[in-house]
Amino acid sequence: MAPLINGHRRVRGPYTIGGALLRALVPAALERAPDLVAAYAVAIRAAAPDLRPLVPSQAEPLSDGLHEDERILVPAPRRTLRLANGIAEFVRDCLDGPRALRVDNVHEADATDRELLAVLMRRVPALTVAVGAPTSPDGWSETDVVLVTAPPAEDDTGIRVDDYAENFIASDGTTDDPRAYAAYLALPPAERARAHDRRAAELTGEHLLGAVPYHRELGGDREAALAALWTAVDHCVGEGFLHAVAELGPRGLRLAAPGSDLWWRFAHRTATALAGIGRRAEAFEIYESARRASVDPAVHAAAAYGTAMLDARDPDPARRDLGRAMGWINEAIAVSTLLPDRRERAFKLGFDRNGRALIELRQGRIDEALRLVESAIELAERDLAPDAHPQHRMVLFANRAQLLARAGRRADALEDFDRAVAIDPAFPDHYLDRGNLLLAMGRPQDALADYETAIRLGPPLPEAYYNRAELLLSAGDLDAALADLDHVLELDPAFLDAYVNRAGVLVMLDEDEAARRDVEAGLVIDPGNPHLHGVLGQLETAAGRYGEARAAFDTALARDPGLAGAWANRAILRYQTGDLDGAVADLTRAIELGEDAALYANRAVALRDLGRSDEAAADLTRARELDPGIDVES
């Protein structure tokens, strides 16, 4: 029988389960297939930090060598899905036959492990996963959970203990034996604290994210507890383990002196994590508490910036209040302007101006956004040491590149993307953005190279495969594009645009039933998506269900009147049902949105059938001008 893993997050923190799985597989894989380990090094190193000496990074991230004050990038919450996919692919490629994974205490597992288990169950068919929990974790169905229990007289470390209180502490507080917990509570407080101190001393550095902070908090050394919590929080922020930060950060806040530097560091990172996982009201309250507890102008500037971003970065446009965000960011700028230290002022003021640029951009003022970012770059170049704050500079160059591209200054944008990539060649996102620009500049091979670099840098990035699929589609390679879109949806079954594009490809390949499944899956995510309704209209037209087809096209065009494909395809429907005038009107609208030889050729057919031969001839002439090789009726 497979060994039982205690999945409680108190044991090792994030990836308690994932780390145990990797520790069982990586040493043998290093001997048998070192290239496989290297390919998934980023995911392995993130989930099992104790394996880092065995698994060197292919490209050292810039952040690894920076002081905490210079590490300004917080990975997006979706990074853990990328890590989970990387671990799942590594596990899949390691297995040489059916295997089982038994995990208990899944209801107490960190969000990273629950996400990983779901990905393993979906993507590694050779692995049978048995998970134990008294109730289903959030987002799981009851059928996902199989109750698993450990041998009654042995804890997860394999040490037999007769003393129930000792058993509770040795299990790092994860045992659910009520006798052990009762005996633990019966200990005198001083003896209980000493027992926690002894257990903390037994644990090694690899436990810092889980058991050590827990024992330090309940032991007698407050400073040691704060140090352990801060180490855990700082690590988790850097890796993007935001749910863990949301739990560990408030514990640090309770122990640190309100208003102290350490208290503010806990507050700042906790609020950032809460905002990242959508708990914005709680993040706002932490910023409010910082304003009440501190008179440090740098704290007030940072709290104002953070509060502004709660509105500016809200993923739901309906919830954004950009006016309120502007008020907070202006307060941040006003305070940062007054900071006495020239270097600190240059960094914080530039940071705040960059934040205001985002608000200006979302209000449609691209020129003002560009001016603000350029002023931030000027501050950095004038007042910061040449090697100071490289991540800050990288972000500014990348943001200016995005704005320059929007303004049509593509060559200048490319220079800035080159600068951003040069600062941190291991950061995949900028290869994606530069690849998109290169594709728009008519350099598909260079774009492809950037997409493939982003893929290689890992862990699996759905957007890189999606962008490569779009490039392959534009080149007419439907099979390769379809393979990439398949992989996107394997990595992220909620990737809406991949359903849209794959459904379109499947229609072109006459795979109507598969296309319909993608349309239905996409409409579950976004019921009003105009692109999906447009594809649905095509499918219903092909099936001869003209009323349903018309309803689908009408929905698509009501949602997005600029969707040229829906106008063109509705025109085909109207032509087939005898509405020639309607077909001409729809094709005319499609042509107004963008000239295309096929549109003119189709309108020529409808005009000819209406007896408007001169107009039909003019359309055929224009079709041949746009595409001399087009096959048109004479």
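Screening Asp412, Val395, Val373 for a side chain to side chain contact (heavy atoms under 4.5 Å, CB included) involving Arg400 leaves a single residue, Val373. Test Asp497, Asp484, Asp518 against Arg502 for side-chain hydrogen bond (donor to acceptor under 3.5 Å, both in side chains) and you get one pass: Asp518.
Counting heavy atoms from C-beta on, the side chains of Thr112 and Leu83 never come closer than 4.5 Å. For the pair Ile329/Tyr305, a side-chain contact is recorded, criterion being any heavy-atom separation below 4.5 Å from C-beta on. Under the 4.5 Å side-chain criterion, counting only non-hydrogen atoms from C-beta, Glu331 is not in contact with Thr307. Here the side chains of Pro340 and Arg345 are not in contact, with every heavy-atom distance at 4.5 Å or above. With a 4.5 Å cut-off on side-chain heavy atoms, Pro297 and Leu338 do not count as touching. Residues Ile366 and Leu361 meet the side-chain proximity criterion, which asks for heavy atoms closer than 4.5 Å. In this structure, the side chains of Leu461 and Leu432 come closer than 4.5 Å at one or more pairs of heavy atoms. Annotation: side chain of Glu463 is in contact with side chain of Phe495 (closest heavy-atom distance under 4.5 Å).
Counting heavy atoms of neighbouring residues, nucleotides and ligands inside a 6.0 Å radius, atom CZ of Arg52 exceeds 12 of them. Within 6.0 Å of atom CZ in Arg342, more than 12 heavy atoms from other residues, nucleotides or ligands are found, so the atom counts as buried in its surroundings. Residue-environment remark: CG (Asp367) stays at or below the threshold of 12 foreign heavy atoms within 6.0 Å.
In this structure, His487 and Tyr465 have perpendicular ring planes: the angle between them is above 60°, well past the 30° mark. By the 30° and 60° cut-offs, the orientation of the rings of His392 relative to His389 is perpendicular. Ring planes of His196 and His215: tilted class, angle from 30 to 60°. Taking the six-membered ring for Trp and thresholds of 30 and 60 degrees, His430 and Phe417 have ring planes inclined between 30 and 60 degrees apart. The aromatic rings of Phe284 and Trp328 lie perpendicular to each other, with more than 60° between the two planes, well past the 30° mark.
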Throw together a table of side-chain donor-acceptor distances under 3.5 angstrom for residues 242-254, partners on residues two or more places apart or in other chains.
unit_1	atom_1	unit_2	atom_2	d
Glu247	OE1	Arg9	NE	2.7
Glu247	OE2	Arg9	NE	3.2
Arg251	NE	Glu217	OE1	3.2
Arg251	NE	Glu217	OE2	2.7
Arg251	NH2	Glu217	OE2	2.4

Where do Arg265 and Asp234 land on the salt bridge (charged side-chain N to carboxylate O under 4.0 Å, His left out) test, with the steps shown first?
-> CA-CA 9 Å; Arg265 283 187 282 153; Asp234 191 46; over 6 Å; no
Q | CA sep, side-chain torsions, deciding dist, call: Asp296, Asp261, side chain to side chain contact (heavy atoms under 4.5 Å, CB included) | A | CA-CA 10 Å; Asp296 185 336; Asp261 176 67; over 6 Å; no
* Asked: Between Arg382 and Leu379, is a side chain to side chain contact (heavy atoms under 4.5 Å, CB included) present by the stated rule, with each step listed?
  -> CA-CA 5 Å; Arg382 186 187 69 206; Leu379 279 170; 3.3 Å; yes
Walk me through it: do Arg434 and Leu414 pass the test side chain to side chain contact (heavy atoms under 4.5 Å, CB included)? CA-CA 7 Å; Arg434 189 174 69 178; Leu414 183 58; 3.7 Å; yes
For this session: Start with the C-alpha gap between Leu81 and Asn85, add the side-chain angles, then the distance that decides, and say whether side chain to side chain contact (heavy atoms under 4.5 Å, CB included) holds.
Result: CA-CA 6 Å; Leu81 177 60; Asn85 275 303; 3.8 Å; yes
Q.
Test salt bridge (charged side-chain N to carboxylate O under 4.0 Å, His left out) on Glu368 and Arg371; report intermediate values, then the result.
A. CA-CA 5 Å; Glu368 178 60 14; Arg371 185 193 68 79; 2.6 Å; yes
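Without hydrogens or angle criteria, Asn105 side chain to Glu108 main chain gives no donor-acceptor distance under 3.5 Å. When atom types are taken as modelled, the side chain of Tyr431 and the backbone of Pro425 share a donor-acceptor pair closer than 3.5 angstrom. Judged by distance alone, the side chain of Thr270 and the main-chain N or O of Phe266 form a donor-acceptor pair under 3.5 Å. The backbone N or O of Leu73 lies less than 3.5 Å from a partner atom in the side chain of Gln391, making a donor-acceptor pair. No side-chain donor-acceptor contact under 3.5 Å links Arg353 to the backbone of Leu372. Panel note: side chain Arg79, backbone Glu239; a donor-acceptor pair is recorded below 3.5 Å. In terms of modelled atom types and a separation under 3.5 Å, the side chain of Arg409 and the main chain of Leu404 share no donor-acceptor contact. Listed for the Arg393 side chain is no donor-acceptor partner under 3.5 Å among the backbone atoms of Asp387. No donor-acceptor pair under 3.5 Å is formed between the side chain of His531 and the backbone N or O of Ala566. Here the side chain of Asp113 pairs a donor or acceptor atom with the backbone of Ile17 at under 3.5 angstrom.
Nearest heavy atoms, Ala228 versus Arg216: CB-CG, 4.0 Å. Closest non-hydrogen pair, Ala357 versus Ala369, comes out as O-CB, 3.4 Å. Summarising the geometry of Leu496 relative to Gly522, their closest heavy-atom pair is CD1-O, 3.5 Å, with the distance given to 0.1 Å. What you find for Pro561 and Leu593 is that their closest heavy atoms are O-CD1, 3.9 Å. Closest of all the heavy-atom pairs between Ala283 and Ala271 is CB-O, 3.5 Å. Heavy atoms only, all atoms of each residue included: Ala298 and Leu339 are closest at N-CD2, 4.0 Å.
Stacking of Arg468 on the aromatic ring of Tyr451 is not recorded, the 6.0 Å distance cut-off and the 45° axial limit not both being met.
Under 4.0 Å is where a charged nitrogen must lie from a carboxylate oxygen, and between Glu288 and Arg292 at least one such pair does.
Rounded to the nearest 0.5 Å, atoms CG (Asp64) and CZ (Arg71) are 9.0 Å apart. With values rounded to the nearest 0.5 angstrom, Asn354 atom CG is found 8.0 Å from Ile72 atom CD1. Here Leu322 contributes atom CG and Gln363 contributes atom CD; the two are 5.0 Å apart, rounded to the nearest 0.5 Å. Atom CG in Leu255 sits 5.0 Å away from atom CG in Leu226 (nearest 0.5 Å). Summarising the geometry, atom CG belonging to Asp424 is positioned 4.5 Å from atom CG belonging to Leu62; distances are rounded to the nearest 0.5 Å. Atom CG in Leu532 sits 12.0 Å away from atom OG1 in Thr555 (nearest 0.5 Å).
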